[in-house]
Amino acid sequence: MEISLALGGGGAKGNAHIGVLRRLEKEGYQIKSIAGTSFGGLVGVLYAHGSTPQQIQELFAAVNQKALYGRAPQDGPSLLGFNGIRSLLEQTVGERTFADLRIPCAVAAVDLNKGTEVILSEGKLIDAVLATIALPGIFPVQHIQDLDLIDGGMLNPIPVSVARKLSPSLPIVAVALTEPMDMPIHGYKIPVPSYVPHQIVERLSRISLAQSLDVFLRSVDVSTKAIAYLRLHLDKPDVIVRPDVHHVDILDEVDVVDLAQRGEQALEAVLPEIKQATSWFARTRRKIFGAKL
């Protein structure tokens with residue numbers, strides 16, 4: 001039973017992808033290729049690189065989440081930086097490239113110069129991951145060759161089209177972390193280190209910068225929800241998995257194990273649909289190729 005995965009973006013919500021992967025493996029599905037946007041790109045690359053879902057969960061659970069967004073000298077203009085995330089990637093994938101992956105994988109980004117989607121499937125894994133998670137204004141733009149790249153969620157929040165290019169003859173299982181269109185938009189807070197006193201955190205939340213960030217991120221949510229809805233309608237994945245993670249903000253400090261379990265629960269709910277999709281694709285291939293299969 002072979003499938004291709006499209007893992008959507010959603011910041012910290014993306015820990016639910018871990019449970020989706022784990023439950024698929026438990027059910028005996030072979031993930032032959034994987035496409036990801038933003039946090040989905042991060043998880044997808046780690047999985048394609050050879051990490052098991054359990055190893056990814058343990059890696060994320062052990063990380064000091066408050067230290068992920070520190071700035072480094074090489075980070076360009078942005079509110080937050082990639083120092084912690086870059087260190088995490090250096091420890092896991094190092095200097096490896098897409099050519100070193102055990103299964104085909106690609107991540108989505110957007111070029112600010114041309115305003116077009118860019119699919120990254122060659123070159124260094126670290127560069128591609130930092131590009132696909134570079135939420136504009138919050139994280140620094142990533143420069144690859146002549147491209148200025150930001151988060152792929154701006155144009156392709158759930159990269160079904162990318163997964164289909166990787167495996168055109170397989171069913172596409174899409175994991176959507178964006179909220180449904182009828183859910184209200186909630187506010188955001190600047191992530192502040194845990195050692196900062198509560199009184200100072202409250203003051204920071206009232207300054208103009210924090211309020212402006214809240215407006216910006218809620219605006220991004222509005223457009224991302226609409227784009228995700230339209231792209232799913234246009235690209236038509238065979239199965240959509242919707243983990244219950246809508247209470248989580250993209251920059252929240254989260255319980256990784258809990259979100260992974262939510263991913264497993266969401267996958268379990270659509271197991272009949274996945275079975276039906278894989279059976280249909282298998283029958284179709286037999287009709288086309290007959291005894292060659």
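FYI, the numbering just counts along the sequence from 1.
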Side-chain donor/acceptor of R262 to backbone N/O of D244, under 3.5 Å: yes
Among L259, V248, D249, the one residue meeting side-chain contact (heavy atoms from CB on, under 4.5 Å) with K13: V248
Distance, nearest 0.5 Å, that separates NZ of K165 from OG of S121: 10.0 Å
Evaluation steps, side chain to side chain contact (heavy atoms under 4.5 Å, CB included), between L135 and I150: CA-CA 6 Å; L135 186 65; I150 59 171; over 6 Å; no
Within residues 122-143 or reaching into it, pairs that qualify as side-chain hydrogen bond (donor to acceptor under 3.5 Å, both in side chains) - sequence neighbours excluded: E95-K124, H143-D148
Interatomic spacing from CD1 in I144 to CG in L130 - rounded to 0.5 Å: 8.5 Å
Hphob cluster co-occupancy, F82 + F39, side-chain heavy atoms under 4.5 angstrom: yes
Side-chain ion pair, D75 and R71, N-O less than 4.0 Å: no
Closest non-hydrogen atom pair, P237 against A174: CB-CB, 3.7 Å
Heavy-atom pair of closest approach, residues I56 and V43: CD1-O, 4.2 Å
Donor-acceptor contact below 3.5 Å, side chain S167 vs main chain L170: no
ILVMFWY cluster, L232 and L5 together (side-chain gap under 4.5 Å): no
V107 versus G41, closest heavy-atom pair with distance: CG1-CA, 3.7 Å
Within the 6.0 Å centroid threshold, strictly below: Y69 and F139: yes
Atom pair CZ/CG of R86 and N83 - distance to nearest 0.5 Å: 6.5 Å
Side chains of P159 and R231 in contact at under 4.5 Å (non-hydrogen atoms): no
CA sep, side-chain torsions, deciding dist, call: I31, I3, side chain to side chain contact (heavy atoms under 4.5 Å, CB included): CA-CA 5 Å; I31 300 168; I3 61 171; 4.3 Å; yes
Crowding at CD, Q74 (>12 non-hydrogen neighbours, <6.0 Å): yes
Pairwise distance CD1(I240) to CD1(I172) - rounded to 0.5 angstrom: 12.5 Å
Side-chain donor-acceptor pair present, E58, Q54, cut-off under 3.5 Å: yes
Neighbour count above 12 (heavy atom, 6.0 Å) for K114 NZ: no
Closest non-hydrogen atom pair, P243 against A16: CB-CB, 3.8 Å
L89 side chain reached by L42 side chain, heavy atoms, under 4.5 Å: yes
Selection residues 35-49 - residue pairs positive for side-chain hydrogen bond (donor to acceptor under 3.5 Å, both in side chains), sequence neighbours left out: E25-Y47, S38-D151, H49-R96
Shared hydrophobic cluster, L120 / L166 (ILVMFWY, side-chain heavy atoms < 4.5 Å): no
R23/E27 salt bridge by N-O under 4.0 Å criterion: yes
Inter-residue atom distance E2.CD - K32.NZ, 0.5 Å rounding: 4.5 Å
Salt bridge (charged side-chain N to carboxylate O under 4.0 Å, His left out) partners of D252, counting only residues at least two apart: none
Shared hydrophobic cluster for Y229 and I158 (ILVMFWY, side-chain gaps under 4.5 Å): no
Donor-acceptor contact below 3.5 Å, side chain Q65 vs main chain V254: yes
Smallest separation among heavy atoms of I34 and A48, with atom names: CG2-CB, 4.1 Å
Shared hydrophobic cluster, V93 / I18 (ILVMFWY, side-chain heavy atoms < 4.5 Å): yes
Pair Q57-R22, side-chain donor/acceptor within less than 3.5 Å: yes
4.5 Å side-chain heavy-atom contact, L230 and L234: no
Gap separating the CZ atom of F60 from the NE2 atom of H17, nearest 0.5 angstrom: 10.0 Å
Step-by-step side chain to side chain contact (heavy atoms under 4.5 Å, CB included) determination, V173 to D238: CA-CA 6 Å; V173 177; D238 299 282; over 6 Å; no
N/O donor-acceptor pair under 3.5 Å between Q55 side chain and T52 backbone: yes
Short side-chain to backbone donor-acceptor contact, R164 and D235, under 3.5 Å: yes
Between T178 and T224, a side-chain donor and acceptor under 3.5 Å: no
Side chain to side chain contact (heavy atoms under 4.5 Å, CB included) assessment of I274 paired with Q276: CA-CA 5 Å; I274 299 177; Q276 183 179 17; over 6 Å; no
Donor-acceptor under 3.5 Å (T97 side chain, A99 main chain): yes
Non-hydrogen atoms of P171 and A277 that approach each other most closely: CB-CB, 4.1 Å
Expected output: side-chain D111 to main-chain L149 donor-acceptor under 3.5 Å: no
Validation row: L59, L88 side chains within 4.5 angstrom (heavy atoms): yes
